[in-house]
**Q** 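I am attaching a structure below and will ask some questions about it afterwards.
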Amino acid sequence: MIDLAALRADPDFFKQAWAARGVTVDLAGLLQADEGIRLQKHSAEQKKAEQNQASKNIATLAKAGGDVASAKEAARRLGDEAAVIDRDREQAEAALHQQLLVLPNLCLPSVPVGPDASANRVAGEWGTKPTFAFTPKAHWDLGPALGIMDFERATKLSGSGFVVLAGAGARLARALGQWFLDTHVDVHGYTELAVPYLVTAQTMQGTGQLPKFADQLFACKDDPLLLIPTAEVPVTNLHAGEILDAKDLPKRYTALTPCFRREAGAAGLGTRGMTRVHQFDKVEIVWLTRPEHSEADLLTVRGHAESLLQQLGLHYRILELCTGDTGFGSAKTYDLEVWSPGTNGWLEVSSCSTFGDFQARRANLRFRAPGADGKAGKPQFLHTLNGSGLALPRCLIAVLEAYQQADGSVLVPPVLRPYLGGLERIIAR
RNA sequence: GGAGAGGUGGCAGAGCGGUUGAUCGCGUCGGUCUUGAAAACCGAAAGGCCCGAAAGGGUCUCGAGGGUUCGAAUCCCUCCCUCUCCGCCA
C-alpha cells in the first residue's frame, strides 16, 4: 500500500514512478476522493464534539434535578447528523481503500527503467557453462530414465502440473531443502520457522497476494482459508499488527514450505517437466528491517542465496529487474537464474526483493526507535525483504542436468552427499 | 463437534451506564541519591485519524461487528479467539 499522505504531498513523483512501471493511475480521482473523505470526517467530528459536550451537560443537569428532555432531543439530533455523514464517508473510504490495494509499489530510483523483461539488466554471472562430450539430456528425460521422477503417475493423481519424485530423487530434493535450511540457520544466522500452509485472506492481503491476485491462489471449499503460494506470506505476516522494538531488528527468518500456485493463464503450464508446477517446495528468507538499511540488506539477502548456488557448483547469473518487470509489491528485485544445460536456458531459482514499507503498511508492521531525546519515539513502519533461498525443483533440475554423465547417471554434488547417506552417484535401477 | 469460563494498556489485574483512555501492582524509561550498582524517592509513558506552520484542539479505539441510550469497557445480539472438561483423532 502506498502512503496516501505522500501521494497528496507530491502527486507528480508518484505519477512518474508509476509511469516507469507502465501503470496509469487516476491520480486526480484518488486525490479528490481523499479530499472529500477528509472534509466529511472533519464535519462529522465537529458534530460529535458538540454531541459529547451536550451529553456532559445533560449529566450535570440531571444531577441538579433539571429537565433534560429538550437537551436530549438536541443531542440526539447531533448524533443522527454525524451518523449520516459517517455512513457516506465510510462508503467512500472503502471504495478508496479498494483502489489503493491494487496500486503497485514504486520502484527505487536505482531500478533500471524499461517496459518488460527484455530490459532487465544482467548484473553479474558466476561460474561457466559446463561442457559435455555428449548431448546433455533435459531433466524430463533424465529423471524418468533414472526412475526418480514420474510425471505420468502424478498426472493420474492430481492432473497436469504435478510431479512425483521417487527414491534418490525424493531424497535429493529433501537433501537440498535440509541443506539450504541448515546453511541459513548455522552459517547465515537465521531463525527457522515452521509455519501454517493455510492462511486467512487478511494475511494474504498483508503481503499483497490479495485482492489483486486472487486467481492465482488455491482456496478451501468449506473454510475461509487459502493455500500459501510462498512462505513469504505467513513469515512476513508473523508480526503483523505489532510494534517491534528497534533493538530487535532486523528480524531474520527462514522457512521451508510447499508453495501452491494455480498458475492460471499459463496454458498447459507452458513448460515441460517440473520447471513450473502447482506445488513445489521452497526455502524462503525474510527480513524485517529498519528503513535506512533495507537497500543494503537486499544485497545481503541476495548473497545468502548466491552462496548456496556457488557451493552447489551451479553456473548462474544475476538479473536486476527493470521497472516494467518488477513484481507488484516490490521496490527492487534481483532474480538469480541458474543454467540448465539440458534445455540450454536459464531457470529462475531465486527472486530477492525489498518491498520498502509497502507490505508493512498493509500488514501494519511497525517498530519503535528511541527518539533524539532518549524518550520512546513514535512507531513507524519497518521495511520488509525476502528472497528465495532457494526454490527446490529448479535446483533439482539444474543439479541433475549439470551433473549428468555420459552413461545417464548423475553425480551428487559433494556438499549434499552427507544428506544422502554418502551417496555419490545416482544410477538407474 | 458438545458443555462451561473468559477476552481491558509491555505483563498482571480492577472497573455502580455519566470528566474512565481507563485504579493499583510489576516491568520499562528519565531523574535524585551513590565511586558504581542495588534499594529508596520523584517523574514519564497506548495507538490510529482529522484540523493546524506550530502551539494546540477534536475524534475514534477496552477481541471484531452490530444494537439500545443524550451518553457504553460497563446492557443486548452475532461472530472470532483463548482456557477447562467431554467426544473424535495423526
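Chain letters run A, B, ... following the sequence lines, proteins first, then strands; residues in each count from 1.
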**Q** Can you confirm whether or not the ring centre of A:F358 sits under 6.0 Å from the ring centre of A:F328?
**A**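 Yes: the rings meet the under 6.0 Å criterion.
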
**Q** The side chain of A:K48 is closest to which nucleotide in this list: B:C60, B:G47, B:G58?
**A**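 Nearest nucleotide to the side chain: B:C60.
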
**Q** Tabulate protein N/O versus nucleotide N/O from nucleotides 78-82 of chain B, keeping only pairs under 3.5 Å, one per line.
**A**
none

**Q** Taking only the C1' atom of each, what is the distance from B:A14 to B:A22 in whole angstrom?
**A**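 It comes out at 10 Å once rounded to the nearest Å.
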
**Q** Strictly under 3.5 Å: I want the nitrogen or oxygen pairs between protein and nucleotides 70-77 of chain B, one per line.
**A**
from: B:C70; atom 1: OP1; to: A:R76; atom 2: NH2; distance (Å): 3.3
from: B:C70; atom 1: OP2; to: A:R76; atom 2: NH1; distance (Å): 2.7
from: B:C70; atom 1: O4'; to: A:K72; atom 2: O; distance (Å): 3.3
from: B:C70; atom 1: O3'; to: A:Q51; atom 2: NE2; distance (Å): 3.4
from: B:C70; atom 1: O2'; to: A:S55; atom 2: OG; distance (Å): 3.0
from: B:G71; atom 1: OP1; to: A:Q51; atom 2: NE2; distance (Å): 3.4
from: B:G71; atom 1: O4'; to: A:S55; atom 2: OG; distance (Å): 3.3

**Q** Take the protein atom CD1 of A:I85 and the nucleotide atom P of B:C60, then report the distance between them rounded to whole Å.
**A**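 For the pair A:I85 CD1 and B:C60 P, the rounded distance is 14 Å.
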
**Q** Between A:S330 (side chain only) and A:T326 (backbone N and O only), is there a donor and an acceptor less than 3.5 Å apart?
**A**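 Answer holds: no.
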
**Q** Keeping the roles fixed (side chain from A:R252, backbone from A:H188), state whether a donor-acceptor pair exists under 3.5 Å.
**A**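 Side chain of A:R252 to backbone of A:H188: a pair is present.
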
**Q** Specify the separation, in whole Å, of atom CD of A:E93 and atom C1' of B:U59.
**A**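 Taking CD of A:E93 and C1' of B:U59, I get 13 Å after rounding.
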
**Q** Which of these nucleotides, B:C51, B:G48, B:U59, is closest to any side-chain atom of A:R38?
**A**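 Closest nucleotide to the A:R38 side chain: B:C51.
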
**Q** Under a plain distance cut-off of 3.5 Å, with no hydrogens placed, do A:Q202 and A:T200 share a side-chain donor-acceptor pair?
**A**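 Judged by distance alone, the side chains do not pair up.
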
**Q** Thinking salt bridges, do A:E50 and A:K47 make one under a 4.0 Å N-O criterion?
**A**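 Not counted as a salt bridge, because no side-chain N and carboxylate O are separated by less than 4.0 Å.
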
**Q** Map A:I243 and A:H42 onto RNA chain B by nearest heavy atom, then report which one ends up closer to the 5' terminus.
**A**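 Comparing both residues, the 5'-ward one is A:I243.
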
**Q** Would you check if A:K332 and A:Y334 make a side-chain contact, meaning some heavy-atom pair closer than 4.5 Å?
**A**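 Yes. Closest side-chain heavy atoms under 4.5 Å.
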
**Q** Under the 3.5 angstrom rule, does the side chain of A:H278 hit a backbone N or O of A:R261 as a donor-acceptor pair?
**A**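 Indeed, once roles are kept as given, a pair shorter than 3.5 Å links the two residues.
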
**Q** Sequence neighbours excluded, which residues qualify as salt bridge (charged side-chain N to carboxylate O under 4.0 Å, His left out) partners of A:R87?
**A**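 So A:R87 forms no salt bridge (charged side-chain N to carboxylate O under 4.0 Å, His left out) with any residue.
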
**Q** When rounded to the nearest Å, what value does the distance between C1' atoms of B:C26 and B:C33 take?
**A**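 Each nucleotide's C1' atom is 23 Å from the other's.
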
**Q** Just how far, in rounded Å, is P of B:U69 from CZ of A:R77?
**A**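 Checked: the CZ to P distance equals 16 Å.
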
**Q** In whole Å, I'd like the distance from the CG atom of A:L39 to the P atom of B:C49.
**A**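 Going from CG in A:L39 over to P in B:C49 covers 18 Å.
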
**Q** Any donor and acceptor pair, going by atom type alone, linking the side chain of A:S353 with main-chain N or O of A:F355 inside 3.5 Å?
**A**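 No, because the side chain of A:S353 does not come within donor-acceptor range (under 3.5 Å) of the backbone of A:F355.
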
**Q** When the C1' atoms of B:U8 and B:A73 are considered, how many whole Å apart are they?
**A**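 7 Å, rounded to whole Å.
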
**Q** Between A:T323 (side chain only) and A:G114 (backbone N and O only), is there a donor and an acceptor less than 3.5 Å apart?
**A**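 A pair under 3.5 Å: yes.
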
**Q** Between B:G15 and B:C89, how many Å separate the two P atoms, rounded to a whole number?
**A**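 Pairwise P distance, B:G15 against B:C89, rounds to 43 Å.
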
**Q** Within this structure, what is the CG-to-C1' distance between A:D222 and B:G1, rounded to whole angstrom?
**A**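 In whole Å, B:G1 C1' lies 15 Å from A:D222 CG.
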
**Q** Are any of A:K47's side-chain N or O atoms less than 4.0 Å away from OP1 or OP2 of B:G58?
**A**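 No, A:K47 has no side-chain N/O under 4.0 Å of OP1/OP2 on B:G58.
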
**Q** Considering only atom C1', compute the distance from B:A45 to B:C29 and round it to an integer number of Å.
**A**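 Comparing C1' positions in B:A45 and B:C29 gives a spacing of 8 Å.
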
**Q** Rounding to the closest angstrom, what is the interatomic distance between B:C16 and B:U32 at atom P?
**A**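 Roughly 42 Å separates the two P atoms.
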
**Q** Sticking with atom C1', work out how far B:G52 lies from B:U59, rounded to a whole angstrom.
**A**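 Per the computed distance, 15 Å lies between those C1' atoms.
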
**Q** Is there a donor-acceptor pair under 3.5 Å between the side chain of A:D357 and the backbone N or O of A:A360?
**A**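 No.
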
**Q** Would a distance-only check, ignoring hydrogens and angles, find a side-chain to backbone donor-acceptor pair under 3.5 Å from A:R362 to A:Q205?
**A**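 Pair found, side chain donor or acceptor close to backbone of A:Q205.
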
**Q** With pairs defined as Watson-Crick or G-U wobble and both distances under 3.5 angstrom, please note down RNA chain B as a dot-bracket string, | for pairing with another strand.
**A** ((((((((.[[...)..(......]].(((((.......))))).((((((....)))))).[[[[[..)....]]]]])))))))....

**Q** Let me see the working for A:H239 and A:F367 under ring pair (Phe, Tyr, Trp, His ring centres under 6.0 Å), right down to the final yes or no.
**A** CA-CA 10 Å; A:H239 295 287; A:F367 76 102; over 10 Å; no

**Q** Show the distances under 3.5 angstrom between N or O atoms of the protein and N or O atoms of nucleotides 61-68 of chain B.
**A**
none

**Q** Rounded to whole Å, how long is the line connecting atom CD of A:Q53 with atom P of B:G58?
**A**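 It works out to 9 Å between those atoms.
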
**Q** Taking only the P atom of each, what is the distance from B:G63 to B:G10 in whole angstrom?
**A**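 Roughly 13 Å separates the two P atoms.
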
**Q** Show every side-chain hydrogen bond (donor to acceptor under 3.5 Å, both in side chains) that has at least one partner inside residues 10-24 of chain A, sequence neighbours left out.
**A**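 Checked against side-chain hydrogen bond (donor to acceptor under 3.5 Å, both in side chains) - neighbours excluded - no pair reaches residues 10-24 of chain A.
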
**Q** Roughly how many Å is it from CG in A:L244 to P in B:G10, rounded to a whole number?
**A**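 To the nearest whole Å, that distance equals 13 Å.
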
**Q** Quick one: do the A:S351 and A:D335 side chains pair a donor with an acceptor below 3.5 Å?
**A**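 A pair is found: one side chain offers a donor N or O, the other an acceptor, under 3.5 Å apart.
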
**Q** A:Q46 CD to B:C60 P: how many Å, rounded?
**A**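 In whole Å, B:C60 P lies 13 Å from A:Q46 CD.
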
